[in-house]
Amino acid sequence: MTKILVTRRTFPEAAVALRASGAEVVIWEDADAPSQADLVKAIADVDGLYAHITNQVNAEVMDAAPNLKVIAEFGVGYDNIEIAAANERGIAVCNTPGILSESTADEAFALLASMARRTHDLPAMVKRGEWGDFDPLGYLATDIHHKTLGIVGMGNIGAEMAKRAAGFNMNVLYFNRNKRDEEFGATYVDSLEEILERSDYISLHNPLTPETTNMMSTDQFKLMKKSAILINTTRGPVVDQDALYEALKSGEIAGAALDVTVPEPIPADHPLLTLDNCLIMPHVASATGDTRMKMAMMSVENVLAAVAGDWPPYCVNQTEIAGNARIKS
Ligand code: 8YV
């Protein structure tokens, strides 16, 4: 009998759809993710894995599952999956592109607005009874309108961020590996250095790769304006956090809002959490009820197609495994 493993709890609708296929469906119902050892044990006779960011799906996990045909990631980023190992073994890897772009850009823009207009720190002062008595020079914020937003990585999420910024009358620049032809209302600049120098806000939207690991470090913070604010909703390791702490503490840049950190969860005693000019969220950019439901149903679609022997609709390595795919009988 076909077996599907879901590594975290999911929406009842997703569970029902999986079970309606007739497959045996095992859902990891604990509030906590399985440990790597638990995953290796649970995956032994599994055909389809519905995976989450909380586990590394590496060669060891794949080798524990000789029948595994598909890894369907709940999310657009799949840097927790060892793609080369999946390619070697002919295992399809899928993700959930497109549907979470708007929610993610909503959160990125909310973080930008929060840092700009100080909704991240002033409410705490009010709670302490520090109203400020309309001091004309007190509690000054930074404008959003007519400031320059630099978008690093112009994929679907970056494009949604550009649309939001246009609605706020911002000037929008973008830097991407390739200049894109579409009209984003954004101006292409051809180096990371230039976009860092020219922007009041930098929002990161590029995937985590060996090239983008620690892409933002001491030298990059030095290039940014001292008044600039960094927004990171992509992956924690894109930012060198030690360098960020120094840059925020010394005033090299004015602020940072991070949805993603290293590690996740960030420990409660992490130095970044001591800074008033740093806002940290618990990796929730896609976490609205509607979007998470769409992500779950897309993951179900991917896993069910593959265990039935069809190419899953959102396969990221179809070309790479075309010759040795396990989903073709
Ligand atoms: C999710 C994400 O929060 O899609 C991604 O790449 O990081 C987020 O949407 C994450 O995958 C939750 O499992």
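In each ligand, atom 1 is the first atom listed, and ligand 1 is the first ligand listed. All of these numbers come straight from a predicted model, not from anything done at the bench. Because only heavy atoms are used, hydrogens play no part in the values below, and waters and symmetry mates are left out as well, while side chains stay in.
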K.L.:
For the pair Phe109 and Phe168, name the ring-plane relationship: parallel under 30°, tilted 30 to 60°, perpendicular over 60°.
P.N.:
tilted
K.L.:
Using distance alone, determine whether Phe74 and ligand 1 share an N or O pair under 3.5 Å.
P.N.:
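Checking ligand 1 against Phe74, an N or O pair does fall under 3.5 Å apart.
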K.L.:
Using side chain to side chain donor-acceptor pair (under 3.5 Å) as the criterion, point out the one residue from Lys226, Lys225, Lys222 that pairs with Glu252.
P.N.:
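Of the listed residues Lys226, Lys225, Lys222, the side chain to side chain donor-acceptor pair (under 3.5 Å) partner of Glu252 is Lys226.
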K.L.:
Can you label the angle between the Tyr50 ring and the His52 ring as parallel, tilted or perpendicular, going by 30° and 60°?
P.N.:
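Correct class here is parallel.
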K.L.:
What atoms in ligand 1 come closer than 4.0 Å to a heavy atom of Leu100?
P.N.:
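So the answer, numbered in order with elements, is 4 (O), 9 (O).
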K.L.:
Can an N or O of Glu73 be found at a distance shorter than 3.5 Å from an N or O of ligand 1?
P.N.:
no
K.L.:
Show the nearest heavy-atom pair for residues Trp311 and Ala305, with the distance to one decimal.
P.N.:
O-CB, 4.0 Å
K.L.:
Any non-hydrogen atom of Arg235 lying under 4.0 Å from ligand 1?
P.N.:
yes
K.L.:
Please list, in number order, the atoms of ligand 1 under 4.0 Å from a heavy atom of Gly75.
P.N.:
4 (O), 5 (C), 11 (O)
K.L.:
Using heavy atoms and a threshold below 4.0 Å, how should the contact between Val260 and ligand 1 be classified: side chain, backbone, both, or neither?
P.N.:
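For Val260, no heavy atom sits under 4.0 Å from ligand 1.
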K.L.:
Answer with yes or no whether the side chains of Thr233 and Asp259 bring together a donor and an acceptor at under 3.5 Å.
P.N.:
no
K.L.:
If we only count N/O pairs under 3.5 Å, is Gly77 in contact with ligand 1?
P.N.:
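Yes, there is a polar N/O contact under 3.5 Å.
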K.L.:
So is there a nitrogen or oxygen of Arg292 less than 3.5 Å from a nitrogen or oxygen in ligand 1?
P.N.:
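Yes, since at least one N or O of Arg292 sits under 3.5 Å from an N or O of ligand 1.
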K.L.:
Taking the non-hydrogen atoms of Glu264, is any one of them nearer than 4.0 angstrom to ligand 1?
P.N.:
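Checking ligand 1 against Glu264, which is what was asked, there is no heavy-atom contact under 4.0 Å.
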K.L.:
Among all protein non-hydrogen atoms, which one is nearest to atom 8 (C) of ligand 1, and what is the separation to 0.1 Å?
P.N.:
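Here the closest protein heavy atom is Ser286 OG, 3.5 Å.
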K.L.:
Under 3.5 Å, is there a donor on one side chain and an acceptor on the other for Thr291 and Thr288?
P.N.:
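There is such a pair (donor and acceptor under 3.5 Å, judged by atom type) between the side chains of Thr291 and Thr288.
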